[in-house]
Engineer: 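Quick one: the structure is below, questions incoming.
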Amino acid sequence: MSAATNAPPALNGNCGGKPVAIEVQHIVKRYGDFEAVKDVNFCVAEGEIFGLLGPNGAGKSTLIRMMTTLIPVTAGRALVAGHDVSEDPDDVRRMIGVIPQALTSDQDLTLEENLLIYAKLYGVPREQRKKNIDAVLEAVDLTKWRDAQTKTLSGGMRRRLEIARGLVHNPRIFFLDEPTTGLDPVSRIAVWEMLDKLKTSRNLTMLLTTHYMEEADKLCDRIAIVDHGNLVALGTPVELKNSVAGANVVEVHFDREDDEWQGRLEKIEDVTSVVPEGSGFYRVITKSGSKTTMQIVELAASLGETLTSLSVQNTTLDDVFIHYTGRQLRDEQVKPVFMMPPRPGAQP
Ligand SMILES: Nc1ncnc2c1ncn2[C@@H]1O[C@H](COP(=O)(O)OP(=O)(O)OP(=O)(O)O)[C@@H](O)[C@H]1O
Ligand SMILES: [Mg+2]
């Protein structure tokens with residue numbers, strides 16, 4: 001685990017001993033006086049699935065937009081497949097596929113028509129286009145829908161179409177901005193499985209953003225936690241969890257909800273943070289699970305309060321996030337997925 005902002009980036013074409021696919025060095029993005037991305041460094045190795053995990057407004061999309069040449073870099077630099085995004089944007093674009101945060105396929109066109117537009121846009125030779133479209137439709141399991149209008153697809157199928165669209169020119173590096181936001185849990189898992197399969201079958205490097213802990217944990221080889229434009233921690237899911245080791249999580253439920261509990265629990269020795277979960281439930285992060293458990297029991301007894309449950313849990317990525325940011329990352333912070341409005345005159 002290399003924690004923190006000022007860790008030097010891997011240089012000389014390697015990232016942790018593997019060939020490097022993406023290298024970000026001291027990158028900054030300013031909008032006027034506001035710094036949306038602050039001196040961020042990381043590298044992504046070839047064949048890796050790398051996750052940027054952070055809450056709304058953390059700077060995830062801004063980072064992706066800089067790496068994919070959509071917005072200029074204010075300071076620092078990013079190298080994608082060996083090309084500098086500021087100096088050689090065309091070379092970068094040839095190597096990458098991008099799925100933006102918003103769903104942008106034209107709803108009135110068929111799947112095949114949507115894919116064809118992108119194949120042309122990305123300069124896929126005419127004789128190659130049908131072959132590529134067949135292959136990507138097959139890869140995302142949408143072959144039988146090729147002539148359907150896009151607006152007839154479910155949310156999960158539309159995401160899969162976007163994935164197909166991002167791959168139609170056979171890129172080496174795939175950028176996905178929140179690939180599963182707004183999907184139901186079943187469709188989300190289907191997309192994870194698909195991405196994992198595509199990584200292997202197409203020999204892809206992937207960089208994705210997410211605010212789903214489970215997504216980062218299950219799908220990503222390594223995760224960078226981003227908060228307020230800073231990279232606050234970087235490592236494999238296991239490394240990140242171990243980095244807050246020594247930390248235990250005690251889950252406690254009091255019979256009676258009382259505003260005082262948060263403050264009382266925070267005052268207990270060894271407790272580093274307390275997360276209220278509602279209805280009398282608290283998640284207490286502590287350096288000593290056993291000692292804190294005893295102290296909570298004693299405290300409740302001395303106050304004549306009843307504990308309905310008490311258990312010591314393993315560290316999760318949630319705890320890692322709280323440890324590094326001091327805040328909780330919860331799914332309800334997620335904004336609804338933005339959909340492109342239908343074109344004027346289109347049937348609803
Ligand atoms: N064009 C812009 N002008 C000014 N501020 C901007 C602009 N684009 C983004 N920002 C600000 O930069 C910060 C980072 O935004 P960004 O979209 O990168 O966050 P994010 O991590 O992708 O969030 P979300 O999870 O909501 O997509 C936010 O505070 C946002 O308001
Ligand atoms: Mg975003």
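Residue indices begin at 1 and follow the sequence shown. In listed order, ligands and their atoms are each counted from 1.
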Engineer: Heavy atoms only: which of Gly229, Gly32, Ala36, Ala58 lies closest to atom 12 (O) of ligand 1?
Structural biologist: Ala36
Engineer: Within Gln101, is some N, O or S atom less than 2.8 Å away from the Mg ion (ligand 2)?
Structural biologist: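 Checking the Mg ion (ligand 2) against Gln101, an N, O or S atom does fall under 2.8 Å.
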Engineer: Can you tell me how far the SG atom of Cys15 sits from the CD atom of Glu23, to the nearest 0.5 Å?
Structural biologist: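 Here the rounded value is 8.0 Å.
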Engineer: Just going by heavy-atom distances, which of Thr62, Ile71, Thr181 is nearest to atom 15 (O) of ligand 1?
Structural biologist: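 The option holding the nearest heavy atom is Thr62.
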Engineer: Please say whether the positively charged group of Lys120, taken as NZ for Lys or CZ for Arg, lies over the ring of Tyr118, i.e. under 6.0 angstrom from the six-membered ring centre and within 45 degrees of the axis.
Structural biologist: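 The answer is no, since Lys120 fails at least one limit relative to Tyr118.
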Engineer: Please assess Phe254 against Phe281 for the test ring-ring contact (aromatic ring centres under 6.0 Å, His included), listing each intermediate value before the final yes or no.
Structural biologist: CA-CA 7 Å; Phe254 299 103; Phe281 280 99; 9.6 Å; no
Engineer: Going through the distances and angles, do Glu112 and Asp147 end up as a side chain to side chain contact (heavy atoms under 4.5 Å, CB included)?
Structural biologist: CA-CA 6 Å; Glu112 179 167 17; Asp147 297 320; 3.7 Å; yes
Engineer: Any idea which atoms of ligand 1 are less than 4.0 Å away from a heavy-atom of Phe34?
Structural biologist: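 Every atom of ligand 1 under 4.0 Å from some heavy atom of Phe34: 11 (C), 12 (O), 13 (C), 29 (O).
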Engineer: Going by an N to O cut-off under 4.0 Å, is there a salt bridge joining Asp90 and Arg94?
Structural biologist: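 Salt bridge between Asp90 and Arg94, a charged N being under 4.0 Å from a carboxylate O: no.
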Engineer: Can you list the ligand 1 atoms lying under 4.0 Å from a non-hydrogen atom of His211?
Structural biologist: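 It comes down to these atoms of ligand 1: 25 (O).
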Engineer: Would you find a donor on one side and an acceptor on the other, under 3.5 Å apart, between the side chain of Asp255 and the backbone of Thr306?
Structural biologist: no
Engineer: Report the member of Gly59, Ala102, Pro55, Ser61 with the shortest heavy-atom distance to atom 22 (O) of ligand 1.
Structural biologist: Ser61
Engineer: Give the atoms of ligand 1, by number and element, whose distance to some non-hydrogen atom of Glu178 is under 4.0 Å.
Structural biologist: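 Every atom of ligand 1 under 4.0 Å from some heavy atom of Glu178: 24 (P), 25 (O), 27 (O).
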Engineer: So, 2.8 Å as the limit: is an N/O/S atom of Asn56 located closer than that to the Mg ion (ligand 2)?
Structural biologist: no
